[in-house]
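Positions are given from 1 along the sequence. Atoms within a ligand are numbered from 1 in the order they appear, just like the ligands themselves.
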Amino acid sequence: MMKRTLAIIKPDGVSRRLIGSVINRLEGEGIRIAAMKMIWMTKEQAKGFYKVHEGKPFYESVTDFMSSGPCVVMVLEGEDVIARYRRLMGATNPHEAEEGTIRKEFATDVEKNVVHGSDSEETARFEISYFFSELEITGQ
Ligand code: CDP
Ligand code: MG
């Protein structure tokens, strides 16, 4: 079982001062932060990150959004953390997200939905290595 995933507090979450609230939720679930930094992606970096969505109708807009301001990127660790963190985030569209999820509580919009989380072991590996070298990830 892969025990690491990539989480992002997106530019809307940072500008709305939700960094602490999101981190509280993760730590409250027993998830450990193994690496963390603030970055501001260029449009090209955002396009590379969301390459799986190239050609979809929301690709241009979401990559504009992701490069519109700083993000907090984190490597999360814990048992079954990919699925657990996805459940904690809630559905992509906050209007469809379950009560108690981060997106239900904080997000306003299908695009500006506060958080990102990897959706599989393969994407977690790609996404973690997109932002972090192994040396930047703390073990325990
Ligand atoms: O983030 P998640 O894995 O839940 O959703 P996704 O389908 O992988 O889409 C990536 C991101 O693109 C979403 O989190 C939204 O910010 C954005 N998106 C959008 O703007 N409109 C959609 N219909 C679907 C996704
Ligand atoms: Mg996704």
Which residue and atom name correspond to the protein heavy atom nearest [atom], and how close is it?
atom: atom 16 (O) of ligand 1; answer: E111 O, 2.8 Å
atom: atom 3 (O) of ligand 1; answer: R86 NH1, 2.8 Å
atom: atom 15 (C) of ligand 1; answer: V110 O, 3.2 Å
atom: atom 17 (C) of ligand 1; answer: V62 CG2, 3.5 Å
atom: atom 5 (O) of ligand 1; answer: T92 OG1, 3.2 Å

Which is closest to atom 1 (O) of ligand 1 by heavy-atom distance: H53, R103, K56?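 Looking at heavy atoms only, R103 sits closest to atom 1 (O) of ligand 1.
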Exercise. For atom 21 (N) of ligand 1, state which one of F58, Y50, Y59 supplies the nearest heavy atom.
Key: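 Checking each option, the heavy atom nearest atom 21 (N) of ligand 1 is found in F58.
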Short list, please: which atoms of ligand 1 are under 4.0 Å from a heavy atom of N113?
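Selected atoms, number and element: 13 (C), 14 (O), 15 (C), 16 (O).
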Verify, without hydrogens or angle tests, whether R16 (side chain) and A107 (backbone) share a donor-acceptor contact under 3.5 angstrom.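 No.
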Q.
Looking at E29, is its backbone amide N or carbonyl O close enough to the side chain of R84 to form a donor-acceptor pair, meaning the two atoms are under 3.5 Å apart?
A.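 Confirmed, R84 side chain pairs with E29 backbone.
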Could you measure the distance from the CE atom of M36 to the CD1 atom of I9? Nearest 0.5 Å is fine.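 Taking CE in M36 and CD1 in I9, the distance rounds to 8.0 Å.
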To the nearest 0.5 Å, what is the distance between CE (M38) and CD1 (I19)?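 Answer rounded to 0.5 Å: 4.0 Å.
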> Taking side chain as C-beta onward, heavy atoms only, is V114 less than 4.5 Å from M89?
Replying inline: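 When only atoms from C-beta onward are counted, M89 and V114 do not touch, as no gap falls below 4.5 Å.
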Less than 3.5 Å between some nitrogen or oxygen of H116 and one of ligand 1, yes or no?
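The answer is no, given that H116 and ligand 1 share no N or O pair closer than 3.5 Å.
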Is it the side chain, the backbone, both or neither of [X] that has a heavy atom closer than 4.0 Å to ligand 1?
X: F65; result: neither
X: N93; result: neither
X: K10; result: side chain

Kindly confirm or rule out a cation-pi arrangement of K10 over F65, judged by NZ or CZ under 6.0 Å from the six-membered ring centre and within 45° of its axis?
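No - K10 does not lie over the ring of F65 by the 6.0 Å and 45° rule.
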Whether K56 engages the ring of Y50 as a cation-pi pair (distance to the six-membered ring centre under 6.0 angstrom, angle to the ring normal within 45°) should be assessed.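 No cation-pi geometry.
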For this session: In plain terms, say whether E127 and R4 are close enough for a salt bridge, that is, a side-chain N and a carboxylate O under 4.0 Å apart.
Result: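 Here E127 does not pair with R4 in a salt bridge, since their nearest N and O are not under 4.0 Å apart.
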